[in-house]
Amino acid sequence: MMWLSIGKVPSAISILDKKLFARRLEGSIKEMMKEQKETQRSQVDAAINHVKTVIDDNPASTSFVVNLPTDCSAKVITEAIKHVSSIHDNKSVYFIGVGATGRVAQGCFVSPKHTSNRLVANEWAAQVAKVVGGKAGGKAGGKGLTSMGSGPDKAKVEDGMVAARMYLQELRI
């Protein structure tokens, strides 16, 4: 193998050194992915515990608007929605929170009972998305029980929560 040197740094790396570097990089990537999964799992657990507390504190209520206190991502909201839909399927819940990037993440679950009262997940999420400056969507035609969205204006989270509550009040839910 021919080495060209610029100062004292070789400009070529042997195949064995490349494989060694690749293994080290692979190990570092695996470790980072493991840490990210653990962090995300703790965020999801914190969100679910918060939801449990909110629902347990108001057992008679059938609708909630919840500001998630953890770094909120679409994954956290998706898991919170799964929790509510599997355990508290008689309750409609709107989740909103701010992620590590500063974007607003939002999503909702509408109980089948509330769909007969004209509560539509897409419309509920659209009302909040207008306020936080983002977009929301779900199944076309309002046929889904869930909707997800995001927005750039983290300063408007409280206003988004008010919009979500007002939408429920308009429908008398």
Side-chain angles (χ1 to χ4, degrees), residues 32 35-173:
M32 284 180 8
E35 287 176 20
Q36 284 178 344
K37 284 182 181 180
E38 288 172 2
T39 299
Q40 191 172 58
R41 186 73 238 159
S42 68
Q43 290 170 346
V44 166
D45 290 344
I48 289 173
N49 287 334
H50 182 66
V51 170
K52 286 178 184 176
T53 301
V54 169
I55 291 174
D56 290 346
D57 288 349
N58 304 292
S61 183
T62 61
S63 60
F64 300 89
V65 176
V66 180
N67 186 355
L68 295 175
T70 61
D71 275 347
C72 198
S73 65
K75 178 69 175 170
V76 171
I77 290 187
T78 299
E79 293 299 319
I81 287 173
K82 283 181 187 176
H83 171 76
V84 170
S85 66
S86 66
I87 296 176
H88 305 287
D89 67 341
N90 62 333
K91 305 198 184 283
S92 295
V93 184
Y94 202 97
F95 299 105
I96 190 165
V98 178
T101 61
R103 288 191 59 85
V104 177
Q106 58 184 349
C108 63
F109 168 75
V110 175
S111 76
K113 177 179 107 176
H114 286 143
T115 58
S116 63
N117 293 347
R118 301 178 328 211
L119 180 58
V120 178
N122 285 352
E123 293 173 10
W124 197 11
Q127 294 296 318
V128 178
K130 285 181 199 173
V131 175
V132 297
K135 295 180 181 181
K139 285 193 177 179
K143 295 181 181 177
L145 298 177
T146 63
S147 184
M148 299 285 294
S150 67
D153 201 347
K154 67 181 181 181
K156 300 253 177 144
V157 167
E158 290 298 322
D159 294 340
M161 292 177 65
V162 169
R165 287 186 186 105
M166 287 177 60
Y167 188 72
L168 289 173
Q169 288 174 353
E170 288 173 13
L171 297 175
R172 294 178 182 18
I173 296 176

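The basis for the numbers below is simple: all heavy atoms, side chains too, and nothing from hydrogens, waters or symmetry mates.
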Are any non-hydrogen side-chain atoms of Ile81 and Met148 less than 4.5 angstrom apart? yes
Member of Val66, Asn67, Val131 meeting the side-chain contact (heavy atoms from CB on, under 4.5 Å) criterion with Met161: Asn67
Answer yes or no: is there a side-chain heavy-atom contact under 4.5 Å between Asp71 and Thr39? no
Measure the spacing between CG of Leu68 and CD of Gln43 and express it to the nearest 0.5 Å. 11.0 Å
Closest non-hydrogen atoms of Ala129 and Lys135, given as atom of the first, atom of the second and distance, are CB-C, 3.9 Å
Exam field: side chain Asp89 to backbone Ser111, donor-acceptor pair closer than 3.5 Å: no
Quick check: do Ser92 and Trp124 have side-chain heavy atoms less than 4.5 Å from each other? yes
Can you give me the closest heavy-atom contact between Phe95 and Val93, atom names plus distance? CZ-CG1, 3.3 Å
Pairwise distance CZ(Arg41) to NZ(Lys75) - rounded to 0.5 angstrom: 8.0 Å
Over all heavy atoms of both residues, which pair between Lys139 and Gly144 is shortest? Give the atoms and the distance, please. CB-N, 3.7 Å
Check: Thr62 and Asn90 side chains under 4.5 Å, non-hydrogen atoms: no
Is Glu79 paired with Lys82 through a side-chain N to carboxylate O contact shorter than 4.0 Å? yes
Crowding at CZ, Arg118 (>12 non-hydrogen neighbours, <6.0 Å): no
Please round to the nearest 0.5 Å and tell me the distance separating atom OG of Ser61 and atom CD1 of Ile173. 11.0 Å
Are the side chain of Lys91 and the backbone of Phe109 linked by a donor-acceptor contact shorter than 3.5 Å? no
Evaluate side-chain contact (heavy atoms from CB on, under 4.5 Å) for Ile96 paired with Val104, printing each intermediate quantity in order. CA-CA 7 Å; Ile96 190 165; Val104 177; 3.7 Å; yes
Drop me the distance from Asn122's CG to Thr146's OG1, to the nearest 0.5 angstrom. 8.5 Å
So CD1 of Ile77 and CD of Gln106: to nearest 0.5 Å the spacing works out to 7.5 Å
With distance as the sole test, does Ser150 use its side chain to make a donor-acceptor pair with the main-chain N or O of Ala105 at under 3.5 Å? no
Check whether any side-chain heavy atom of Lys52 lies under 4.5 Å from a side-chain heavy atom of His83, and answer yes or no. yes
Between Ala164 and Val128, the two heavy atoms sitting closest are CB-CG2, 3.7 Å
Return the CD to CG distance between Glu170 and Leu119, rounded to the nearest 0.5 Å. 11.5 Å
Nearest heavy atoms of Ser147 and Gly138, plus distance in Å: OG-N, 3.9 Å
